[in-house]
Amino acid sequence: MDGFTLKHVYEAQQFDKELLDIVFQTADEMKADLASGDRRFSQSLQNSIMASLFYEPSTRTRFSFESAMTRLGGKIITTENAREFSSAAKGESLYDSTRIMNGYADVIVMRHHEAGSAKKAADVSNIPVINAGDGAGQHPTQALLDMYTILDCLGKIDGLNIAMVGDLKYGRTVRSLAYLLAKYTDVKIHFISPPVCRMDDDIKEYLERNRVAWQEEESVDAILPKVDCVYMTRVQKERFNDPSDYENAAGRFILTPEKVSVMKAGAIIMHPLPRVDEIPPEVDDDPRARYFEQAQNGLYIRMALLYLLLG
Amino acid sequence: MDGFTLKHVYEAQQFDKELLDIVFQTADEMKADLASGDRRFSQSLQNSIMASLFYEPSTRTRFSFESAMTRLGGKIITTENAREFSSAAKGESLYDSTRIMNGYADVIVMRHHEAGSAKKAADVSNIPVINAGDGAGQHPTQALLDMYTILDCLGKIDGLNIAMVGDLKYGRTVRSLAYLLAKYTDVKIHFISPPVCRMDDDIKEYLERNRVAWQEEESVDAILPKVDCVYMTRVQKERFNDPSDYENAAGRFILTPEKVSVMKAGAIIMHPLPRVDEIPPEVDDDPRARYFEQAQNGLYIRMALLYLLLG
Amino acid sequence: MDGFTLKHVYEAQQFDKELLDIVFQTADEMKADLASGDRRFSQSLQNSIMASLFYEPSTRTRFSFESAMTRLGGKIITTENAREFSSAAKGESLYDSTRIMNGYADVIVMRHHEAGSAKKAADVSNIPVINAGDGAGQHPTQALLDMYTILDCLGKIDGLNIAMVGDLKYGRTVRSLAYLLAKYTDVKIHFISPPVCRMDDDIKEYLERNRVAWQEEESVDAILPKVDCVYMTRVQKERFNDPSDYENAAGRFILTPEKVSVMKAGAIIMHPLPRVDEIPPEVDDDPRARYFEQAQNGLYIRMALLYLLLG
């Protein structure tokens, strides 16, 4: 599509506002197409092969990409066992693996355990590489679907008041989201987390440089009535040295129906999923709960990206 | 199809005689279609995606379903690693997994280690769920293909004399089959097993309530000349406390060519496969040996179900 | 195709010069077809299902076959977990597994840990079986793509001077290649390996019987300026009792840019990949380096075989 200049998608930082607009618009078209009877995109990529190259399993993400490719008529070759490609025993480089995959497929969707892998693969690849999560690094399609969900539910990003709750230190989702939010104006972000998993300084500094107001707190209670969006994440037990600290912390970051009840009527609750108990199932029927819709939006965003890169 | 009222397939008990007729008739059509040159069903499900969601590997069952879907033009996303979806670490509920899969596929084929899982998934799914085996619970498509095989080979179910041999306690196949046989009239069932793996009382009582004559024995010899169908199953070593009991028991439940020779000319030998040594390879060429045909019938039955649920 | 008389592909020895010509010609057509816009073979196998039955993972080989099948419009059912088919616990025979797969697919691509498995499966299969590597046995499609690469790069096989370097004892690639080279005239082969992994006598005797000149050495230096093709393979540490022997040996079998510089301008460097450090990345840009092209040729050869067996 005119204006979509990317050859690969390896990090959220590649997207400026113009590119985001193109991706979100295309996602809208994909959503409409799937709902319509005629499905004009159903064979768009019929001669293309997507290689799902997962160095560690992530069935959910893989299925989302593979469903997206299939809905566009594309074909799939797939592994959750890609470490075998470059196993310790064999020691093959990512460079070799990528060059060989270039002969077998038209696009690579890569999940890797090491940060920076997707970019490294993209650098030597003649076919598009999409990062489906690389270690502690990036998961750009998740960040895009998060933004798309906010925009889709609330109609705009400018001026929003957003709370990010839970593990903000190790959760790559909230980090990438913070990055993308900074491209809009008058956004205000509240970071709410246990002390051991506070948002890192690099993001805070980035936000300041980009004139995004942020604020840090340890409790959601005061914040919930004010925000347009609560982005929940899971606090993982293994981050805590003392198990009782965890019990204490996790308990305080559960979004109970009582807590939800003080939120604005038009606000939204998001979660990258899977959840454990940070959002109890009783919240699911609340009209503000949008996390399943958010997961579903992943399909439209991935269809859009595949279409834009290959179509 | 008119009269096929099911939205999901999670247990054999869902099928009454009318539904069985519809499934078997459709399976006949699928069989004829595959044998014909023109293949009018080859693109019937071309816009549909089947998710093979296997929480434990069962390559044979998975291939049977995936081949069925493919023969109807449908597309597939697949994992034998679905436990990762709801891993101990992540703790996601089957409810969440199912809701998310609803966004990626048009039908879920689920294999799970816990009895009742398929029903639980079906209860929250907007797209059809087919049970491909859930723990000690059900494996309804196996029961359907068993019935279909008997009907196809012998032309009827009413009035048949059927021996079930081997592990009747832990083999979900024979349990489901007994259940379905009770829907027909004048069927007589012989249960032949070592004492440690006798058919449970619940099935015996069920048969009595439904006026199916049954009888229990510890040897096949007296029974073989009388029956129309011998349904063999494997006696697993791990059921026995004393290994010598196993040797003794397993030996007595091997269907040697000598034993086969006393069977009626028109009788049939079935086995859900895989077999170990309960049927020696020399029996394979006997015209009564129908277990490979039975496995093949699984394809037609699964094509029929996918077609009826989605077509 | 006229003249292509094989029903299965289980070993390199099945191919005489006439069959090789047919395969290589068809591979040429496939290569041209993929490069062309109209893709007249893109739907050739649209009603066929290939079962990738991998008893051990080999993602690279599997992807090569699956990409080939997909480029011809064929469909795929796949497992890297096929051991489960015949697990120790269940003990099913390859015979049963193969017969059952005959009902689900139109061609079986099999990778197995035991030499001779592919032939065993082929013997009982009504659908074509292609050996994708069986233990220490054969990997015939690799041998074919190696020959195809030499022919494609050098225009002929007759009269060539070829060095095989590295692990010649355990590398099934070089063994199969030696076998095929013997079908041509005036070929001269140099075997260059550490003493612990010399080419076995069976191949040497075979070459003598077929009037192929061969010679054995422990260093590449004297040979490199003379040869038309250097076929490198990896020397695996585990072949050596003494680690220092390994360091010593491996070092001497590294094809550094300095070593490459003495080769003829028109010579070629091959490697079955994955490589570790026997060919440093700096060699990749040398026009003589053809190993990535060689990997790519695997696609054309596999497309050709699938087409010839099923088309």
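Below, chain A is the first sequence line, B the second, and so on; all start at residue 1.
Contact tally against chain B (heavy-atom pairs below 4.5 Å) for A:Gly298, A:Gly73, A:Ala295, A:Ser64: the top residue is A:Ser64. Among the candidates A:Thr70, A:Leu299, A:Leu34, the residue making the largest number of heavy-atom pairs closer than 4.5 Å to chain B is A:Thr70.
When the side-chain contact (heavy atoms from CB on, under 4.5 Å) test is applied to B:Tyr179, the partners found at least two apart in sequence or on another chain are B:Gln13, B:Lys183, B:Tyr206.
The line from NZ of A:Lys75 to NZ of B:Lys75 is 7.0 Å long, rounded to the nearest 0.5 Å. For the atom pair A:Gln43 CD and B:Asn47 CG, the distance stands at 7.0 Å (nearest 0.5 Å). Here B:Leu53 contributes atom CG and A:Thr59 contributes atom OG1; the two are 8.0 Å apart, rounded to the nearest 0.5 Å.
Atom NZ of A:Lys31 sits in a crowded spot, with more than 12 heavy atoms from other residues, nucleotides or ligands closer than 6.0 Å.
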(request) Apply the test side chain to side chain contact (heavy atoms under 4.5 Å, CB included) to residues B:Thr79 and A:Glu80: give CA-CA distance (whole Å), side-chain angles for both, the deciding distance (0.1 Å), then the verdict. (result) CA-CA 9 Å; B:Thr79 186; A:Glu80 291 191 326; 3.9 Å; yes
(request) Begin from the C-alpha positions of A:Phe63 and B:Ile100 and carry the test side chain to side chain contact (heavy atoms under 4.5 Å, CB included) through to its verdict. (result) CA-CA 10 Å; A:Phe63 271 19; B:Ile100 287 169; over 6 Å; no
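A:Arg71 and B:Tyr104 make their closest contact through NH2-O, 4.0 Å (heavy atoms, listed as atom of the first residue, atom of the second, distance). Of all the heavy atoms in A:Phe292 and B:Asp96, the pair that sits closest is CZ-OD1, 3.5 Å. Minimum heavy-atom separation, A:Arg62 to B:Thr78: NH2-O, 2.9 Å.
The contact between A:Gln296 and chain B is made entirely by side chain atoms (from C-beta outward), counting heavy-atom distances below 4.5 Å.
Heavy-atom neighbours of chain B within the stretch residues 277-290 of chain A, taken at a separation under 4.5 angstrom, comprise A:Asp284.
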